[in-house]
2 protein chains.
Amino acid sequence: MKFTMAEENYIKAVYHLQHGQDVVSTNALSAELQTKPASVTDMLKKLKAKKIISYEPYRGVKLSAEGRKVALGIIRKHRLWEFFLVDKLQFGWDEVHEVAEELEHISSNKLIDKLDEFLGHPKFDPHGDPIPDSKGKIIAQLQEQLSTTQLHTPVEITAVGSQSTELLELLKHKGLQMGTRLEVKKVFDFDGSLELRIKNQQVVTVSRELASVLFVKPL
Amino acid sequence: MKFTMAEENYIKAVYHLQHGQDVVSTNALSAELQTKPASVTDMLKKLKAKKIISYEPYRGVKLSAEGRKVALGIIRKHRLWEFFLVDKLQFGWDEVHEVAEELEHISSNKLIDKLDEFLGHPKFDPHGDPIPDSKGKIIAQLQEQLSTTQLHTPVEITAVGSQSTELLELLKHKGLQMGTRLEVKKVFDFDGSLELRIKNQQVVTVSRELASVLFVKPL
DNA sequence: ATAAAAATTTAGGTTTGTCTAAAAATAAAT
DNA sequence: ATTTATTTTTAGACAAACCTAAATTTTTAT
């Protein structure tokens, strides 16, 4: 089935707001999408007719299984494009969101699969959010970004946010890899860079960008 | 000034149809855009109000200086994206047009300038059409139509006159593409068809219609 | 030069996605 | 348990971009 840009934005918003919550309210959607509640009601009727959501008047809304699939497809596109913008076009990770909001509506599936391959099948976007695969499978975020871990707490690297050669080169140079044990010694507020102590030995400094694509679990 | 997708498509269509012609007719736009003439008239009024075109009822339409600048901006985006798709994502040159039709409407100028740089400031798209620079400057096409080249003179295909899937399918079938070297062996007066020898090997026959949309440069 | 044909515009509708204002349903508070 | 407040829906409008049918203008052909 095909969807308009407006429909896609509603579907995505329901997905995001549903996180944790059981159902999503009209007002929440209205706030998220910057439209009036009355407009939301109209669209919910349309999406219900398309079986993308389950919705009863006054009772809130949920995505159907189909709706979840659609949402994950849009999120996949959004995050792959964000990765592209940061990794290939040298955008700052704080300036990619708006552009990706537009790019996520480009319809070609072939495009997105080829982009995915070109980028090296990245698993996480520049903000550390997991990128759904082409079947809509998404890694549950029980991992913690290195950039948000407590100081002086031993952790182990469990995932890296992409397979790009540039990232791998940098990791190799810093002596970091899957399973490396380390702890954060200090965070510099100026640029978000971190000082790490690896296995109680070497001390290395990593940038905010690098820290955000390193996922760790406590030991 | 900002433009809707529909407006951008009209502006681009006027630009393309104006090639050679002095003014563009409502019917020509209607055919190009697959809309009814009445719809074209509506949009022309809107674009006139925005000073993008000059237009008098029944007298046809021209782009204003401003309109030309907008058109070249859209064409720049279109062709850069086509280049990206072929050069980076390994699309076939015959399958990029539709996707680029969508991508050309992404609004960020920063995006397009960074993309341009990432691609190495390409001067021609995969079909051989010149890519306008960020100031709207475009290399003039001093190419010759295949149908008017001298017999037995080696030439190279540098551009094709349209991106229709029908044309691209035919070219693929005949073994012709960008950069193919060939020479015209014979012209048949009866139907204007040409016999070509490709790279001193295969001999293929092409119709007058096909020969008129293939552009070549002497070797 | 006038009639026929073709091109273009006008007039009046439709759909999509939005809005405002008013009504109805639900939730909260006394 | 009512009243009050909040949330949500309904009703009626509007702009964008399209449509059909009819009217008008321009072009072509007799």
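All chains are named by letter (A, B, ...) in the order of the sequence lines, taking the proteins before the strands, and each is independently numbered beginning at 1. A quick note: this is a predicted structure, and the numbers were derived from the prediction, not measured.
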Rounded to the nearest angstrom, tell me the gap between atom [atom1] in [X] and atom [atom2] in [N].
X: A:Q34; N: C:dT18; atom1: CD; atom2: P; value: 12 Å
X: B:K36; N: C:dT9; atom1: NZ; atom2: C1'; value: 16 Å
X: B:M5; N: D:dC18; atom1: CE; atom2: P; value: 12 Å
X: A:D42; N: D:dG12; atom1: CG; atom2: P; value: 14 Å
X: A:K50; N: C:dT16; atom1: NZ; atom2: C1'; value: 11 Å
X: B:K48; N: C:dT9; atom1: NZ; atom2: C1'; value: 14 Å

*Indicate the atoms forming the closest heavy-atom contact of A:P37 with A:T26, along with that distance.*
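Nearest pair, atom of A:P37 first, then A:T26: O-CG2, 3.7 Å.
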Taking the side chain as every heavy atom from C-beta outward, state whether [X] and [Y] have any pair of such atoms under 4.5 Å apart.
X: B:P122; Y: B:L80; result: yes
X: A:S107; Y: B:E102; result: yes
X: A:E101; Y: A:E104; result: yes

*List the protein contact pattern of nucleotides 4-9 of chain D with one symbol per nucleotide (5' to 3'): B for base contact, S for sugar-phosphate-only contact, - for none; contact means a heavy-atom distance under 4.0 Å.*
---SBB
*Decide, yes or no, whether a salt bridge links B:D116 with B:R79 under the criterion of side-chain N to carboxylate O below 4.0 Å.*
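Salt bridge flag = no for B:R79 with B:D116.
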*asked:* Applying side-chain hydrogen bond (donor to acceptor under 3.5 Å, both in side chains), can you list everything that pairs with B:Q18, at least two apart in sequence or on another chain?
replied: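 B:Q18: no side-chain hydrogen bond (donor to acceptor under 3.5 Å, both in side chains) contacts found.
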